Amino acid sequence: MNICSLGRAFDGVSKIEFNSTRTILDFDAVFIDSAGLVEGVGIKPKTIQFRRGEFLEFLALGRSIVVFSAPIQLEVFLPISATGARAISGNRVDFKGPDHLKTFWLSVRDDTQFLAHFDTAPGQPFLFVSATNKPVGALLSERQARDFEQAGMGDRRCVRVRMFGV
């Protein structure tokens, strides 16, 4: 699988600068470190508009975007509703999700730390601050994305965005 990342370097993954014109469409999946986006982007509306459009096109192709979340307004960068992310950090996380995400989570959990929890998870929560009900990761389902679109708030193609508050 050909993977790129925005905002942070990962071993074995091609890093792309958010502000560059390098397309993500050359890749099968994208990792986004939202804390790195804020540090590297600043307020550049044209760049954000370009990437949001590219994310929508990428998702329409059936590809996946994995987001490592920070306490920022993710809805500025991604086609999702407001999450109300709150700053909180740690590394003890309880996984309560589908098997297909468990393999991924087990492969990255030792290298991650959560930097926020969601007041309102943008989808089905599956990662939680250990021993709490504070979600730090969520998966959007097709039904949730359709409801989001029907309410006039987004695009149904966001069904493959996976959010990790790590």
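We number each residue from 1, following the sequence as shown. Because the structure is a prediction, the values reported are computed rather than measured.
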Nearest heavy-atom contact between F27 and I3 is CD2-C, 3.7 Å
Cation over ring, K134 on F118, under 6.0 Å and within 45°?
no
At their closest point, which heavy atom of S89 faces which heavy atom of Q113, and how far apart are they?
CB-NE2, 3.6 Å
In sequence, state the C-alpha distance, the side-chain angles, and the governing distance for F128 and V93, and then conclude on side-chain contact (heavy atoms from CB on, under 4.5 Å).
CA-CA 5 Å; F128 298 85; V93 174; 5.8 Å; no
Let me confirm one number: the CD-CZ distance from E54 to R22, rounded to the nearest 0.5 Å.
9.5 Å
For K96 and T132, which heavy atoms make the closest approach, and how far apart are they?
NZ-O, 4.2 Å
Nearest 0.5 Å, please: how far is CG in D94 from CG in L127?
9.0 Å
For D26, the option from I24, T23, D28 that meets side-chain contact (heavy atoms from CB on, under 4.5 Å)
T23
Looking at every heavy atom in both R51 and S20, which two are closest together, and how far apart are they?
NH2-O, 3.0 Å
Would you give the length of the straight line joining atom CZ of R109 to atom CZ of F95, rounded to the nearest 0.5 angstrom?
10.5 Å
Hey, could you give me the OG1/CG distance between T21 and N19, rounded to the nearest 0.5 Å?
10.5 Å
On the 0 to 90° scale, with breaks at 30° and 60°, tag the F55-F18 ring pair as parallel, tilted or perpendicular.
tilted
Under 3.5 Å: donor-acceptor pair, side chain of R63, backbone of L25
yes
Pairwise side-chain contact, F114 with N91, heavy-atom cut-off 4.5 Å (strictly under)
no
Check the hydrophobic clustering (I, L, V, M, F, W, Y; side-chain heavy atoms under 4.5 Å; chains of links allowed) and say if I32 and L61 are grouped together.
yes
When you look at V129 and R92, which way does the side-chain contact (heavy atoms from CB on, under 4.5 Å) test go after all the steps?
CA-CA 6 Å; V129 174; R92 290 188 61 193; over 6 Å; no
Is any side-chain heavy atom of F31 closer than 4.5 Å to one of L6?
no
If you take all heavy atoms of A29 and M1, which pair is closest and at what distance?
CB-SD, 4.1 Å
Hphob cluster co-occupancy, F50 + F58, side-chain heavy atoms under 4.5 angstrom
no
